[in-house]
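What follows is one structure encoded as structure tokens, with my remarks underneath.
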Amino acid sequence: MDLHDLAWKAKHEQPEGGSLPPLDGSVEAMRLRILGKLIYQVGREPRTASPRDWFVATAYAVRDTATSSWFTERGAPAAGGKRVYYLSLEFLIGRVLMDTIGNLGLTGQVREALLQCGVDLDDIVVEEPDAALGNGGLGRLAACFMESMSTLKIPAYGYGIRYEHGLFRQVIEKGLQRELPETWLAHGNPWEFARADTFYPVGFGGTVVGEPDPTGPHGWVPDETIHAFAYDTPVVGAGGQHTNTLRLWAARAAEPLQLDTFNRGDHVGALRERVKTEAISRVLYPGDESSAGQELRLRQEYFFASASLQDLLGRHLAEFGSLETLPDKAAIQLNDTHPAIAIIEMMRLLVDVHRIAWDRAWTITNETFSYTNHTLLPEALETWPVALMERLLPRHMQLIFLINMRHMQAARDKGADHRVLAELSLVDELHGRRVRMGHLSFLGCHAINGVSALHSDLVRSRLFKGMDQIYPGRISNKTNGITFRRWLHRANPGLTRLLVETLGDGFLADPVQLEKLAAYADKPALQAAFAAERLACKQRLAVIIKDRTGVVVDPASLLDVQVKRIHEYKRQLLNIVQAVAHYRAILADPGRQWVPRVKLFAGKAAPGYVRAKEIIRLVHDVAQMVNNDPVVGDRLKIVYMPNYNVSLAEQIVPAADLSEQISTAGMEASGTGNMKLALNGALTIGTLDGANIEIRDFVGPENIFIFGLTASEVAAQSALGLDSHHAVRANPVLSQVFEMIASGAFSPDEPHRYRNLIDGTQSYDRFMLAADFDSYVAAQARVDAAWLDPQLWWRMAMLNTARLGWFSSDRSIREYAESIWRVPVLQP
Ligand code: 26V
């Protein structure tokens, strides 16, 4: 039967677009559903349909299946059940199709159904744009957590913003990063349901009216009101039995057009308000580890916090009739301080709108909210100028002052002096009166957590030392995790198949069973099979590298990857400086037995982060010289892959041999790329930072390459000063490398290009590059030695995969559920 007949058959089997045969899990039902969607929803015949048309049709067909399990949760949650609300400015989802059909258990049926239409599933998967509604780790964690909550059948909503433009597209031109707008919605989004009838007013500015008692109910008359419209995406859990909702808000002007202005002939002016209003959900802020501090960002934060709270309070009232029971039925998790204004919005809604007495309102708020901290870097901690808050959110600013007065009184009662009070205050008076959103979150939440054991210790001992003393016991640790469905089963189907053949399929649902692989770590046949899977991934990646950069790499080389946002604390500079040292060593002794290495870098720099962009350019310039040096050949290749995103990560992670996790100790809160890479059997070269420490504890110190100062050593060194000129002078290898870079050896057209970068690094070595250089070089030498002993290397690699089961986001979510949210979880 040719495609024409199929289309005809589909049409005649479905005389009306709406009455499709039921989805019974069969290939035939899926085929008819896809054809029906193609014809009636996309409006194309199979004969002329493009791969994108087929993708959209398939997505609609799959979404239908997802919708059935969705309706069960959208009624009341399981008897007595509690809902989790995960508030996040970022959800870095990536592509949705394979995850959804994988979790529905429909991958085989969809593949076969498409095949019968003459379409290869693999060809249409790549038509889906990444949903890049996040910057990096924090946003990707939110996406993994959503998937795990569905898998564990925890009734949950993710709340966020439906950015029209996600994280920018990165192009690298002669080493310079250029940012292009990202347009994931250009062809529509087949996964979402627009809820034209679900919208809330969100106010800004205006005045407060009310009685003298400041803790009593007040009125707020905003001078601007914006509507938040809901868009829902189903998030299907593994097994397809439970589906939660990701609800993203889009800003719409209450008045689409100012008709009087228009009628006066000012056609552009008539739209001005609307453009300003709708800017709120236009674009994701591309910063990362540095607070944006701009009015539009604060508007985004309040916009989504207010809409989400109105929505969840409405749901609670409709179901339970009174807000008194809120803490028993709802747990609200704040993903960093970005949604922290929700704490104040809750107080406003409870006191001003629902007329609940202040103390009771505060108890309800505190018992409902909890907060996760994701960074200690001072520049990333959010603070908002009091003046800006007063102008944009006058009632909220009053409430913050009131909460702070009571907080200060409680601290005085516990004996705090002036110095301590200044440290504890919600308002920082030393840097131009700013509200500290971290302090506010601490005070308003019953539970605060860090994201790795070390990080949580530092949250307690450094960031919130004072707060922890007056409110002890609130801080706990919840080490991050990743969803193995996406990052092993789907990203690495070859290895997964091998693991299933070897261990049985129990590990798919219960990842701790990967431990059974340890028994095979010394078996030559399995080592060979494991290595063969890796090689296949590297061969596929080599094609992509060639396509996108023109660089030809040998897949047999050791593939050494550092893929993450570009930031000084992550020390891509240390990596490239070591690469230059290595290059010089090769030139000095080309005849030695060198381990062929490909150093792959990928990641985006915040558009305004000049130093990070210089580092990208340096990698590019060093790559130009090294890759074209005939003496070097395949001994060393350096690649900068542009536009790192979730989909590219899914290609790189299974191919990597070596995972660079080399942040200055104490600065990387957790890391999650470290987990993805180690799970797929890459060996880690890393510092004792974030979750690297726990990874070492699980895989064993003999199966990881640890180097560098510890967090407390970094603190001690920093206290002595950050000038490293002396240390560099005392280090001949490092000073020669610095000299080579600074003198323009890699930038002959502009010899001074890196003078600043190198001088700056030496006079203010905040990231301890000089202090860690030698031990990093030594660790790299241990890597080479291990690679030259394949039996050892593959044993180490397999033990990494075997012992990473604990780092599943299912485990993280179970911990949140048990000790923070107090919601029941079914065991696997
Ligand atoms: C700050 C800002 C400031 C305004 C502009 C947008 C923006 C976006 C993000 C941030 C802070 C990002 C903090 C973050 O991503 N932390 C990472 O969280 C991961 C998940 O817990 C963790 O694994 C990483 O170590 C940590 O860097």
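Numbering of ligands and ligand atoms starts at 1, following listing order.
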Contact between [X] and ligand 1, counting heavy atoms under 4.0 Å?
X: G136; value: no
X: R140; value: no
X: H338; value: yes
X: F145; value: no

Review point. Hey, is CZ on R766 packed in by over 12 heavy atoms from elsewhere, all under 6.0 Å?
Key: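 Result for CZ/R766: enclosed.
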Review point. Which word best sums up how the rings of H567 and F767 line up, parallel for under 30°, tilted for 30 to 60°, or perpendicular for over 60°?
Key: perpendicular
Point to revise | Parallel, tilted or perpendicular, as decided by the 30° and 60° cut-offs, for the rings of F601 and Y640 | key: parallel
What protein heavy atom lies closest to [atom]? Include the residue and the distance to one decimal.
atom: atom 21 (O) of ligand 1; value: H374 ND1, 2.6 Å
atom: atom 23 (O) of ligand 1; value: G671 N, 2.8 Å
atom: atom 25 (O) of ligand 1; value: E668 OE1, 2.6 Å
atom: atom 4 (C) of ligand 1; value: A292 N, 3.3 Å
atom: atom 5 (C) of ligand 1; value: Y285 CB, 3.8 Å
atom: atom 7 (C) of ligand 1; value: G287 O, 3.6 Å
atom: atom 27 (O) of ligand 1; value: E289 OE2, 2.8 Å
atom: atom 8 (C) of ligand 1; value: E90 OE2, 3.2 Å

So if I count the atoms of ligand 1 from 1 in the order they appear, which ones are less than 4.0 Å from some heavy atom of [X]?
X: Y569; value: 27 (O)
X: A669; value: 25 (O)
X: V451; value: 21 (O)
X: S291; value: 3 (C)
X: G137; value: 19 (C), 20 (C)

Check your understanding: Does N480 approach ligand 1 within less than 4.0 angstrom via side chain, backbone, both or neither, non-hydrogen atoms only?
Key -> side chain
Practice item. Have a look at ligand 1 and work out which part of L138, if any, has a heavy atom under 4.0 Å from it: side chain, backbone, both or neither. Key: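 Looking at L138 and ligand 1, atoms from backbone and side chain both fall under 4.0 Å.
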Point to revise | Main-chain N/O of E90 paired with S88 side-chain donor or acceptor, under 3.5 Å | key: yes
Check your understanding: Is the side chain of D130 donor-acceptor paired with the backbone N or O of S647 at a distance under 3.5 Å, no angle test?
Key -> yes
When you measure from the centre of the six-membered ring of [Y], is the NZ or CZ of [X] under 6.0 Å away and within 45° of the axis?
X: R299; Y: F303; result: no
X: K564; Y: Y644; result: no
X: R247; Y: Y231; result: no

Practice item. Compute the shortest N/O to N/O distance between N135 and ligand 1 and return yes if it is under 3.5 Å, no if not. Key: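 The answer is no, given that N135 and ligand 1 share no N or O pair closer than 3.5 Å.
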**Study point:** salt_bridge(R486, D99) N-O dist < 4.0 Å
**Key:** yes
Review point. Does K613 pair with E179 as a salt bridge, N-O distance under 4.0 Å?
Key: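 Judged by the 4.0 Å cut-off on N to carboxylate O distance, K613 and E179 do form a salt bridge.
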Review point. Can you tell if the side chain of N449 reaches within under 4.5 Å of the side chain of I475, non-hydrogen atoms only?
Key: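 No, every pair of side-chain atoms sits at 4.5 Å or beyond.
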Review point. Quick check, are the ring centers of Y86 and Y159 under 6.0 angstrom apart?
Key: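 Here the rings of Y159 and Y86 have centres that are no less than 6.0 Å from each other.
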